[in-house]
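Before any comments, here is the structure.
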Amino acid sequence: MGRCKYPESEAEQMADFGENPDQGKFWNEEPGLSWVENDRLMSERLESISQLLLENLDLRPHGRILDIGCGGGGTTLALAKRAPPSAQITGLDISKPLLDLAAQKCADHENINFVLADAQAHRFGLQKFDTVISRFGVMFFENPVKAFQNIKSALTVEGRLHFVCWAPLEENEFFYAPLQAALQHTDQLFIAPGRAPGPLAFSDAAYLRSLLEEAGFQQIEIAKTTTRVTTKDSPEEDAKLLMQISLATRIMTLAEMGEAERAEVFRSMLAQSAARQKDDKISYDATVYIVAARA
Ligand SMILES: C[S@@+](CC[C@H](N)C(=O)[O-])C[C@H]1O[C@@H](n2cnc3c(N)ncnc32)[C@H](O)[C@@H]1O
(Lines give C-alpha, C1' and ligand atoms only; values in the text may rest on other atoms or scores of the structure.)
Protein backbone atom coordinates (compact mmCIF):
# COMPACT_ATOMS: atom_id res chain seq x y z
CA MET A 1 0.00 0.00 0.00
CA GLY A 2 1.36 3.41 -0.91
CA ARG A 3 1.03 6.68 0.93
CA CYS A 4 -2.63 7.46 0.23
CA LYS A 5 -4.98 6.41 3.02
CA TYR A 6 -7.38 3.53 2.62
CA PRO A 7 -9.32 1.51 5.22
CA GLU A 8 -7.11 -1.36 6.36
CA SER A 9 -9.05 -3.27 9.00
CA GLU A 10 -11.25 -6.19 8.00
CA ALA A 11 -14.35 -4.45 9.39
CA GLU A 12 -13.62 -1.30 7.41
CA GLN A 13 -12.97 -3.29 4.25
CA MET A 14 -16.37 -4.99 4.35
CA ALA A 15 -18.49 -3.59 1.57
CA ASP A 16 -21.22 -1.28 2.83
CA PHE A 17 -23.96 -1.16 0.21
CA GLY A 18 -26.06 1.15 2.41
CA GLU A 19 -29.39 1.94 0.73
CA ASN A 20 -28.25 0.73 -2.71
CA PRO A 21 -27.78 -3.04 -2.33
CA ASP A 22 -28.47 -3.78 -6.02
CA GLN A 23 -25.82 -1.32 -7.17
CA GLY A 24 -23.48 -2.56 -4.44
CA LYS A 25 -23.80 -6.09 -5.78
CA PHE A 26 -23.48 -4.96 -9.41
CA TRP A 27 -20.30 -2.93 -8.90
CA ASN A 28 -18.64 -5.49 -6.60
CA GLU A 29 -19.31 -8.46 -8.85
CA GLU A 30 -18.76 -9.23 -12.55
CA PRO A 31 -19.60 -5.77 -14.04
CA GLY A 32 -17.38 -3.98 -11.49
CA LEU A 33 -14.57 -6.45 -12.21
CA SER A 34 -15.00 -5.73 -15.93
CA TRP A 35 -14.47 -2.03 -15.19
CA VAL A 36 -11.29 -2.91 -13.26
CA GLU A 37 -10.05 -5.09 -16.11
CA ASN A 38 -10.82 -2.44 -18.73
CA ASP A 39 -9.75 0.59 -16.71
CA ARG A 40 -7.03 1.70 -19.14
CA LEU A 41 -9.34 1.39 -22.12
CA MET A 42 -12.20 3.31 -20.48
CA SER A 43 -9.85 6.00 -19.12
CA GLU A 44 -8.56 6.74 -22.62
CA ARG A 45 -12.09 6.93 -24.03
CA LEU A 46 -13.39 9.20 -21.26
CA GLU A 47 -10.40 11.57 -21.30
CA SER A 48 -12.13 14.31 -23.35
CA ILE A 49 -15.05 14.21 -20.89
CA SER A 50 -12.70 14.54 -17.89
CA GLN A 51 -11.28 17.65 -19.52
CA LEU A 52 -14.77 19.15 -19.87
CA LEU A 53 -15.54 18.40 -16.23
CA LEU A 54 -12.28 19.53 -14.68
CA GLU A 55 -11.14 22.45 -16.85
CA ASN A 56 -13.09 25.21 -15.10
CA LEU A 57 -12.92 24.06 -11.48
CA ASP A 58 -11.80 26.64 -8.96
CA LEU A 59 -9.48 24.53 -6.79
CA ARG A 60 -8.02 26.55 -3.93
CA PRO A 61 -5.11 25.93 -1.55
CA HIS A 62 -6.21 23.81 1.44
CA GLY A 63 -9.52 23.09 -0.29
CA ARG A 64 -11.30 19.79 0.40
CA ILE A 65 -12.53 17.94 -2.69
CA LEU A 66 -14.75 14.86 -2.90
CA ASP A 67 -14.96 12.59 -5.98
CA ILE A 68 -18.25 10.64 -5.82
CA GLY A 69 -18.38 7.24 -7.52
CA CYS A 70 -14.66 7.68 -8.21
CA GLY A 71 -14.34 4.13 -9.58
CA GLY A 72 -10.75 3.30 -10.54
CA GLY A 73 -9.59 6.76 -9.45
CA GLY A 74 -8.78 8.31 -12.84
CA THR A 75 -10.50 11.60 -12.02
CA THR A 76 -9.26 11.51 -8.40
CA LEU A 77 -5.69 11.41 -9.68
CA ALA A 78 -6.40 14.09 -12.30
CA LEU A 79 -7.75 16.29 -9.48
CA ALA A 80 -4.58 15.77 -7.45
CA LYS A 81 -2.52 16.88 -10.45
CA ARG A 82 -4.62 20.04 -10.95
CA ALA A 83 -5.26 21.07 -7.34
CA PRO A 84 -2.73 22.89 -5.15
CA PRO A 85 -0.62 20.35 -3.20
CA SER A 86 -2.24 21.51 0.06
CA ALA A 87 -5.70 20.34 -1.14
CA GLN A 88 -7.21 17.24 0.50
CA ILE A 89 -8.93 14.86 -1.90
CA THR A 90 -11.33 12.04 -1.04
CA GLY A 91 -12.58 9.41 -3.48
CA LEU A 92 -15.79 7.63 -2.44
CA ASP A 93 -17.21 4.54 -4.12
CA ILE A 94 -19.44 1.55 -3.39
CA SER A 95 -17.11 -0.89 -5.20
CA LYS A 96 -14.20 -2.43 -3.32
CA PRO A 97 -12.44 -3.81 -6.42
CA LEU A 98 -12.56 -0.39 -8.09
CA LEU A 99 -11.39 1.39 -4.93
CA ASP A 100 -8.49 -1.07 -4.59
CA LEU A 101 -7.43 -0.06 -8.10
CA ALA A 102 -7.89 3.64 -7.30
CA ALA A 103 -5.75 3.30 -4.15
CA GLN A 104 -2.98 1.61 -6.18
CA LYS A 105 -3.12 4.30 -8.85
CA CYS A 106 -2.95 7.15 -6.31
CA ALA A 107 -0.41 5.48 -4.02
CA ASP A 108 2.15 8.27 -4.38
CA HIS A 109 -0.24 11.01 -3.27
CA GLU A 110 -0.35 11.67 0.46
CA ASN A 111 -3.26 14.07 0.10
CA ILE A 112 -5.69 11.46 -1.29
CA ASN A 113 -7.81 9.11 0.78
CA PHE A 114 -10.60 6.71 -0.16
CA VAL A 115 -13.91 5.74 1.43
CA LEU A 116 -15.87 2.59 0.63
CA ALA A 117 -19.53 3.61 1.02
CA ASP A 118 -22.91 4.25 -0.55
CA ALA A 119 -23.00 7.98 -1.34
CA GLN A 120 -26.75 8.08 -0.65
CA ALA A 121 -26.49 6.82 2.93
CA HIS A 122 -22.92 7.59 4.02
CA ARG A 123 -22.67 9.80 7.10
CA PHE A 124 -20.19 12.45 6.11
CA GLY A 125 -18.15 13.84 8.98
CA LEU A 126 -18.18 17.35 10.36
CA GLN A 127 -15.36 18.49 8.07
CA LYS A 128 -17.15 19.74 4.98
CA PHE A 129 -15.98 19.71 1.35
CA ASP A 130 -15.55 22.83 -0.80
CA THR A 131 -16.03 20.94 -4.04
CA VAL A 132 -17.77 17.70 -4.98
CA ILE A 133 -17.15 16.28 -8.44
CA SER A 134 -18.23 13.16 -10.28
CA ARG A 135 -17.61 11.71 -13.71
CA PHE A 136 -20.58 9.41 -14.37
CA GLY A 137 -20.79 8.32 -10.70
CA VAL A 138 -24.10 9.86 -9.53
CA MET A 139 -26.73 8.18 -11.74
CA PHE A 140 -27.03 4.97 -9.73
CA PHE A 141 -29.10 5.96 -6.70
CA GLU A 142 -32.36 4.28 -5.65
CA ASN A 143 -33.45 7.63 -4.20
CA PRO A 144 -31.62 10.41 -6.10
CA VAL A 145 -33.17 13.29 -4.12
CA LYS A 146 -32.04 11.73 -0.84
CA ALA A 147 -28.60 11.04 -2.32
CA PHE A 148 -28.20 14.64 -3.52
CA GLN A 149 -29.42 15.93 -0.14
CA ASN A 150 -26.77 13.78 1.49
CA ILE A 151 -24.11 15.04 -0.92
CA LYS A 152 -25.24 18.62 -0.22
CA SER A 153 -24.84 17.94 3.51
CA ALA A 154 -21.18 17.15 2.82
CA LEU A 155 -20.58 20.59 1.24
CA THR A 156 -19.74 23.90 2.90
CA VAL A 157 -22.38 26.66 2.63
CA GLU A 158 -20.68 28.05 -0.48
CA GLY A 159 -19.61 24.60 -1.69
CA ARG A 160 -19.96 23.62 -5.35
CA LEU A 161 -21.14 20.43 -7.01
CA HIS A 162 -19.79 19.62 -10.50
CA PHE A 163 -20.62 16.43 -12.35
CA VAL A 164 -21.03 14.96 -15.79
CA CYS A 165 -23.76 12.54 -16.85
CA TRP A 166 -25.03 11.15 -20.15
CA ALA A 167 -27.61 12.90 -22.37
CA PRO A 168 -30.23 10.71 -24.16
CA LEU A 169 -29.29 7.40 -25.77
CA GLU A 170 -30.10 8.55 -29.31
CA GLU A 171 -27.50 11.34 -28.97
CA ASN A 172 -24.79 8.91 -27.93
CA GLU A 173 -23.27 6.71 -30.64
CA PHE A 174 -21.08 5.26 -27.92
CA PHE A 175 -24.26 3.68 -26.51
CA TYR A 176 -26.44 2.98 -29.52
CA ALA A 177 -23.81 1.62 -31.93
CA PRO A 178 -22.99 -1.46 -29.81
CA LEU A 179 -26.65 -1.81 -28.85
CA GLN A 180 -27.64 -2.04 -32.52
CA ALA A 181 -24.86 -4.56 -33.16
CA ALA A 182 -26.42 -6.85 -30.52
CA LEU A 183 -30.07 -6.26 -31.46
CA GLN A 184 -29.39 -7.42 -35.04
CA HIS A 185 -28.86 -10.93 -33.70
CA THR A 186 -31.82 -11.42 -31.39
CA ASP A 187 -35.57 -10.94 -31.02
CA GLN A 188 -34.90 -9.56 -27.54
CA LEU A 189 -36.47 -6.12 -27.25
CA PHE A 190 -34.54 -3.22 -25.83
CA ILE A 191 -36.66 -1.65 -23.10
CA ALA A 192 -35.49 1.90 -22.46
CA PRO A 193 -34.37 2.07 -18.83
CA GLY A 194 -36.12 5.40 -18.18
CA ARG A 195 -35.18 6.92 -14.84
CA ALA A 196 -34.11 3.67 -13.18
CA PRO A 197 -30.61 3.77 -11.64
CA GLY A 198 -28.14 3.38 -14.50
CA PRO A 199 -25.99 5.38 -16.93
CA LEU A 200 -28.98 7.06 -18.65
CA ALA A 201 -31.04 7.81 -15.51
CA PHE A 202 -30.53 11.60 -15.82
CA SER A 203 -30.78 11.90 -19.59
CA ASP A 204 -33.90 14.10 -19.22
CA ALA A 205 -32.38 17.47 -18.25
CA ALA A 206 -35.65 18.89 -16.85
CA TYR A 207 -35.99 15.88 -14.55
CA LEU A 208 -32.35 16.21 -13.47
CA ARG A 209 -32.88 19.89 -12.66
CA SER A 210 -35.99 19.05 -10.61
CA LEU A 211 -34.03 16.49 -8.56
CA LEU A 212 -31.28 18.98 -7.76
CA GLU A 213 -33.84 21.67 -6.88
CA GLU A 214 -35.72 19.29 -4.60
CA ALA A 215 -32.45 18.38 -2.90
CA GLY A 216 -31.92 22.10 -2.18
CA PHE A 217 -29.18 23.01 -4.66
CA GLN A 218 -29.09 26.56 -6.09
CA GLN A 219 -27.65 28.24 -9.19
CA ILE A 220 -28.09 25.02 -11.16
CA GLU A 221 -26.48 25.03 -14.60
CA ILE A 222 -26.90 22.11 -17.01
CA ALA A 223 -24.90 22.52 -20.22
CA LYS A 224 -25.44 19.99 -22.98
CA THR A 225 -22.18 19.33 -24.81
CA THR A 226 -21.24 17.01 -27.66
CA THR A 227 -17.73 15.62 -27.76
CA ARG A 228 -16.01 12.49 -29.09
CA VAL A 229 -15.16 9.31 -27.25
CA THR A 230 -11.89 8.36 -28.92
CA THR A 231 -9.37 5.54 -28.79
CA LYS A 232 -6.18 4.49 -30.51
CA ASP A 233 -7.02 0.85 -29.74
CA SER A 234 -7.48 -1.59 -32.59
CA PRO A 235 -11.03 -2.43 -33.77
CA GLU A 236 -10.54 -5.88 -32.14
CA GLU A 237 -9.78 -4.30 -28.74
CA ASP A 238 -12.65 -1.85 -29.15
CA ALA A 239 -15.14 -4.59 -30.01
CA LYS A 240 -13.86 -6.75 -27.13
CA LEU A 241 -14.43 -3.88 -24.70
CA LEU A 242 -17.94 -3.16 -26.01
CA MET A 243 -18.84 -6.85 -25.59
CA GLN A 244 -18.09 -6.39 -21.87
CA ILE A 245 -19.13 -2.79 -21.07
CA SER A 246 -22.07 -1.49 -23.11
CA LEU A 247 -25.84 -1.79 -23.48
CA ALA A 248 -25.11 -4.78 -25.75
CA THR A 249 -23.79 -6.69 -22.73
CA ARG A 250 -27.20 -6.45 -21.08
CA ILE A 251 -29.06 -7.48 -24.26
CA MET A 252 -26.82 -10.55 -24.66
CA THR A 253 -27.49 -11.55 -21.04
CA LEU A 254 -31.26 -11.00 -21.30
CA ALA A 255 -31.38 -12.96 -24.56
CA GLU A 256 -29.34 -15.74 -22.91
CA MET A 257 -27.06 -15.77 -25.95
CA GLY A 258 -24.72 -18.72 -26.30
CA GLU A 259 -21.18 -18.65 -27.63
CA ALA A 260 -22.17 -18.85 -31.31
CA GLU A 261 -24.59 -15.91 -31.09
CA ARG A 262 -22.08 -13.86 -29.10
CA ALA A 263 -19.50 -14.54 -31.81
CA GLU A 264 -21.97 -13.10 -34.36
CA VAL A 265 -22.44 -9.98 -32.22
CA PHE A 266 -18.67 -9.66 -31.90
CA ARG A 267 -18.30 -9.77 -35.69
CA SER A 268 -20.90 -6.99 -36.08
CA MET A 269 -19.15 -4.89 -33.44
CA LEU A 270 -15.80 -5.46 -35.08
CA ALA A 271 -17.20 -4.33 -38.45
CA GLN A 272 -18.65 -1.14 -37.00
CA SER A 273 -15.47 -0.36 -35.00
CA ALA A 274 -13.36 -0.88 -38.14
CA ALA A 275 -15.70 1.37 -40.16
CA ARG A 276 -15.21 4.13 -37.58
CA GLN A 277 -11.42 3.96 -37.64
CA LYS A 278 -9.81 6.98 -39.29
CA ASP A 279 -6.17 8.10 -39.01
CA ASP A 280 -5.52 5.35 -36.42
CA LYS A 281 -8.36 6.50 -34.18
CA ILE A 282 -11.81 5.06 -33.55
CA SER A 283 -14.32 7.61 -32.35
CA TYR A 284 -17.96 7.90 -31.35
CA ASP A 285 -20.13 10.99 -30.83
CA ALA A 286 -20.93 11.43 -27.16
CA THR A 287 -23.36 13.96 -25.69
CA VAL A 288 -23.22 14.76 -22.01
CA TYR A 289 -24.58 17.24 -19.49
CA ILE A 290 -21.96 19.25 -17.65
CA VAL A 291 -23.72 20.11 -14.41
CA ALA A 292 -22.77 22.74 -11.83
CA ALA A 293 -24.67 23.84 -8.72
CA ARG A 294 -24.15 25.61 -5.41
CA ALA A 295 -25.05 24.04 -2.09
C1 LIG B 1 -19.80 4.46 -14.58
S2 LIG B 1 -18.76 4.20 -13.21
C3 LIG B 1 -17.77 5.67 -13.23
C4 LIG B 1 -16.50 5.51 -12.45
C5 LIG B 1 -15.55 6.71 -12.49
N6 LIG B 1 -16.15 7.91 -11.95
C7 LIG B 1 -15.04 6.95 -13.89
O8 LIG B 1 -15.45 7.92 -14.53
O9 LIG B 1 -14.23 6.13 -14.36
C10 LIG B 1 -19.88 4.49 -11.86
C11 LIG B 1 -19.22 4.40 -10.50
O12 LIG B 1 -20.18 4.77 -9.50
C13 LIG B 1 -20.04 3.88 -8.40
N14 LIG B 1 -21.32 3.85 -7.67
C15 LIG B 1 -22.51 3.36 -8.10
N16 LIG B 1 -23.44 3.52 -7.16
C17 LIG B 1 -22.85 4.14 -6.10
C18 LIG B 1 -23.30 4.55 -4.82
N19 LIG B 1 -24.58 4.37 -4.44
N20 LIG B 1 -22.42 5.14 -3.99
C21 LIG B 1 -21.12 5.31 -4.36
N22 LIG B 1 -20.63 4.92 -5.56
C23 LIG B 1 -21.48 4.35 -6.42
C24 LIG B 1 -19.67 2.55 -9.04
O25 LIG B 1 -19.08 1.64 -8.15
C26 LIG B 1 -18.73 3.01 -10.15
O27 LIG B 1 -17.41 3.07 -9.72
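Model, not experiment: these values are computed from the prediction. Counting starts at 1 for both ligands and their atoms, following the listed order.
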F217 six-ring face occupied by R294 cation (under 6.0 Å, within 45°):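 No, R294 does not lie over the aromatic ring of F217.
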
Ligand 1 atoms in contact with [X] (distance to a heavy atom under 4.0 Å):
{"X": "F141", "value": "18 (C), 19 (N)"}
{"X": "W35", "value": "1 (C)"}
{"X": "L98", "value": "27 (O)"}

Can you confirm, on distance only, whether ligand 1 has an N/O atom lying under 3.5 Å from any N/O atom belonging to [X]?
{"X": "L92", "answer": "no"}
{"X": "F136", "answer": "no"}
{"X": "W27", "answer": "no"}
{"X": "Q23", "answer": "no"}

Which segment of A117 sits under 4.0 Å of ligand 1 when only heavy atoms are counted: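 Only the backbone of A117 comes within reach of ligand 1.
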
Parallel, tilted or perpendicular: rings of F202 and F148 (30°, 60°):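 Judged by the thresholds at 30° and 60°, the geometry between F148 and F202 is tilted.
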
D238/R45 salt bridge by N-O under 4.0 Å criterion: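 Salt bridge between R45 and D238, a charged N being under 4.0 Å from a carboxylate O: yes.
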
Salt bridge present between D130 and R160 (N-O < 4.0 angstrom):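 No, no charged N to carboxylate O under 4.0 Å.
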
Backbone of L41 reached by a side-chain donor or acceptor of D233 within 3.5 Å: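 It does not hold such a pair.
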
